[in-house]
Amino acid sequence: MADGAPGTRDPVAARTYVTQIDYSAFDTPGRGRGILDVVRYRYLLRLLIGKSTSLRYRNSVLGWFWSYVRPTVQFLVYYLVVGQILGMHDGVPLFPVYLFSGIVLINLFNEAFGAGTRSIVENRALVRKIYLPRELFPIAAVIGSFVHFLPQLAVLIIVSVLLGWMPSFASIGLILAGIAIVLAFILGISLFFSAVNVRFRDASNVVEIIRTIATWSSPVLYTWAMVEQVTRSVPWVFHLYMSNPITVAVELFHKAFWATLPQVQAEVLADDATKKAGLASVAWPEHFVWYLSAALGIILFSLVVGQFVFRRFERTFAQDL
């Protein structure tokens with residue numbers, strides 16, 4: 001029997017023998033590959049997404065029908081107040097389509113941002129008991145919100161088709177680009193706020209403020225041309241406004257749905273002076289390529305910072321929850 005092995009007759013060797021443990025199979029929180037680990041645990045991601053979608057309307061009478069009711073009520077309120085009372089209906093052709101094409105993206109942002117921020121706290125039982133990439137929770141929350149966004153998008157497409165909208169490769173590309181921009185931006189800031197929210201629950205209140213600002217700081221209830229007119233003396237404010245990723249995504253949706261409708265195009269050709277501000281929004285804003293580039297830079301920054309902060313806070317999730 002070899003010296004130093006268990007059961008040896010040498011008492012000195014028996015006392016000095018130490019069992020070697022291989023730690024390579026264990027994962028330490030905060031030292032993984034971050035978002036890249038989600039690919040390795042994609043089966044768990046599917047389970048978390050299924051859980052969030054199945055529990056959303058659990059014990060609900062209307063169930064998934066609420067995915068249509070809530071945005072419809074929101075649209076009607078905004079249309080009556082902003083469209084009819086404030087007169088935007090007269091200034092923007094087919095204002096209901098303009099309004100709804102922006103509302104669906106804002107709803108996606110608000111819902112996914114809130115769900116992503118709460119994701120770690122709401123799954124505290126799993127975080128405490130087992131180790132898995134914690135990035136799975138905000139990512140699953142964002143994807144789950146995207147699933148509930150699809151019925152709203154379907155309604156928008158149906159309404160647009162009834163009004164003469166014809167899908168093209170360009171319009172489909174704009175739709176996909178707008179969705180991708182919103183989801184990537186949400187993922188970055190959700191990683192940041194979901195981690196901070198574990199230690200400082202005040203983060204959820206900050207998120208509510210941001211969600212309120214997002215509703216009014218994007219060209220949904222008004223047009224970008226109106227903002228340009230107001231900020232003509234301070235053009236850097238308009239440049240900053242247009243560099244917002246949500247603003248860029250909303251404009252992509254407007255160009256994909258609203259701006260290509262036959263009635264809108266007919267009024268552009270007629271050059272109706274009473275709708276000058278609304279018709280100006282049919283065209284792309286000047287320097288839009290630079291605004292798009294700035295928005296992509298902001299998204300990349302949010303992803304890098306969000307992942308960095310998430311990994312730093314992740315090490316103490318179990319203790320803080």
Side-chain angles (χ1 to χ4, degrees), residues 34-39 41-42 44-46 48-53 56 67 70-71 100-120 122 133-157 171-195 197 207 210-211 213-215 217-220 242-257 291-310:
I35 298 179
L36 298 179
D37 279 336
V38 173
V39 179
Y41 292 88
R42 55 187 176 274
L44 288 177
L45 179 62
R46 289 195 295 267
L48 290 173
I49 296 172
K51 172 190 171 185
S52 65
T53 54
R56 181 182 180 91
S67 296
R70 292 191 299 177
F100 194 64
S101 60
I103 283 180
V104 294
L105 269 188
I106 294 297
N107 286 343
L108 173 62
F109 173 80
N110 287 337
E111 182 175 340
F113 188 20
T117 300
R118 301 186 303 268
S119 59
I120 302 296
E122 290 181 349
R134 271 51 177 227
E135 290 86 354
L136 283 171
F137 298 113
I139 292 176
V142 172
I143 296 177
S145 299
F146 171 72
V147 172
H148 292 280
F149 156 80
L150 293 178
Q152 302 179 44
L153 180 62
V155 173
L156 174 60
I157 292 175
S171 60
I172 294 174
L174 293 176
I175 294 169
L176 295 178
I179 294 174
I181 287 174
V182 172
L183 292 179
F185 185 50
I186 293 171
L187 178 58
I189 59 180
S190 292
L191 286 172
F192 178 89
F193 281 100
S194 63
N197 190 48
V207 168
I210 295 175
R211 292 169 63 185
I213 295 174
T215 303
S217 62
S218 297
V220 175
M242 289 301 303
S243 299
N244 178 7
I246 306 302
T247 299
V248 171
V250 167
E251 277 307 301
L252 291 176
F253 256 52
H254 283 158
K255 297 301 181 294
F257 290 104
Y291 300 143
L292 176 61
S293 301
L296 295 177
I298 293 172
I299 292 173
L300 180 60
F301 177 79
S302 69
L303 287 170
V304 172
V305 173
Q307 178 68 97
F308 175 78
V309 172
F310 192 93

Practice item. Hey, can you tell me if Phe253 and Phe149 have their rings parallel, tilted or perpendicular (30° and 60° cut-offs)? Key: tilted

Review point. Could you give the distance from CG (Leu105) to CG (Asn110), rounded to the nearest 0.5 Å?
Key: 11.0 Å

Check your understanding: Got Ile189 and Phe109 here, is their nearest side-chain heavy-atom distance under 4.5 Å?
Key -> yes

Review point. About how many Å separate OG of Ser145 and CG of Leu150, when rounded to the nearest 0.5 Å?
Key: 11.0 Å

Practice item. Taking the six-membered ring for Trp and the single ring otherwise, decide whether the centroids of Phe257 and Phe100 are under 6.0 Å apart. Key: no

Check your understanding: Which pair of heavy atoms, one from Thr247 and one from Met242, lies closest together, and at what distance?
Key -> CG2-SD, 3.9 Å

Point to revise | Closest non-hydrogen atom pair, Ile120 against Pro138 | key: CD1-CD, 4.0 Å

Point to revise | Atom pair CG (Leu174) and NE2 (His254), whose distance is rounded to the nearest 0.5 Å | key: 12.5 Å

Check your understanding: From Ile186 CD1 over to Leu108 CG, what is the distance, rounded to the nearest 0.5 angstrom?
Key -> 4.5 Å

Review point. Arg211 and Phe113: which non-hydrogen atoms are nearest, and at how many Å?
Key: CG-CD2, 4.0 Å

Review point. What's the spacing between Ile143 CD1 and Leu183 CG if we round to 0.5 Å?
Key: 8.5 Å

Revision key, fill the gap. Closest non-hydrogen atoms of Ala184 and Leu303, given as atom of the first, atom of the second and distance, are O-CD2, 3.7 Å

Check your understanding: What is the minimum heavy-atom distance between Ala140 and Leu48, and which atoms define it?
Key -> CB-CB, 3.6 Å

Review point. Would you say Ser302 and Phe192 make side-chain contact, with heavy atoms under 4.5 Å?
Key: no

Exercise for review: Using the side-chain contact (heavy atoms from CB on, under 4.5 Å) rule, take Ile246 and Ile106 through it: C-alpha gap first, then chi angles, then the decisive distance, then the call.
Suggested key: CA-CA 8 Å; Ile246 306 302; Ile106 294 297; 3.6 Å; yes

Exercise for review: Return the minimal non-hydrogen interatomic distance between Ser218 and Asn244, and the atom names on each side.
Suggested key: OG-ND2, 4.0 Å

**Study point:** Beyond-backbone contact of Ile139 with Leu187, side-chain heavy atoms, under 4.5 angstrom
**Key:** yes

Check your understanding: Given the rule in the side-chain contact (heavy atoms from CB on, under 4.5 Å) test, do Leu153 and Ile179 qualify, once you have shown the distances and angles that lead to the verdict?
Key -> CA-CA 11 Å; Leu153 180 62; Ile179 294 174; 4.2 Å; yes

**Study point:** Audit row: Leu156, Ile103, side-chain contact (heavy atoms from CB on, under 4.5 Å) steps and yes/no
**Key:** CA-CA 10 Å; Leu156 174 60; Ile103 283 180; over 6 Å; no

Check your understanding: Between CD of Glu135 and OG of Ser190, what distance do you get to the nearest 0.5 Å?
Key -> 12.5 Å

Exercise for review: Evaluate side-chain contact (heavy atoms from CB on, under 4.5 Å) for Ile299 paired with Ile181, printing each intermediate quantity in order.
Suggested key: CA-CA 8 Å; Ile299 292 173; Ile181 287 174; 3.6 Å; yes

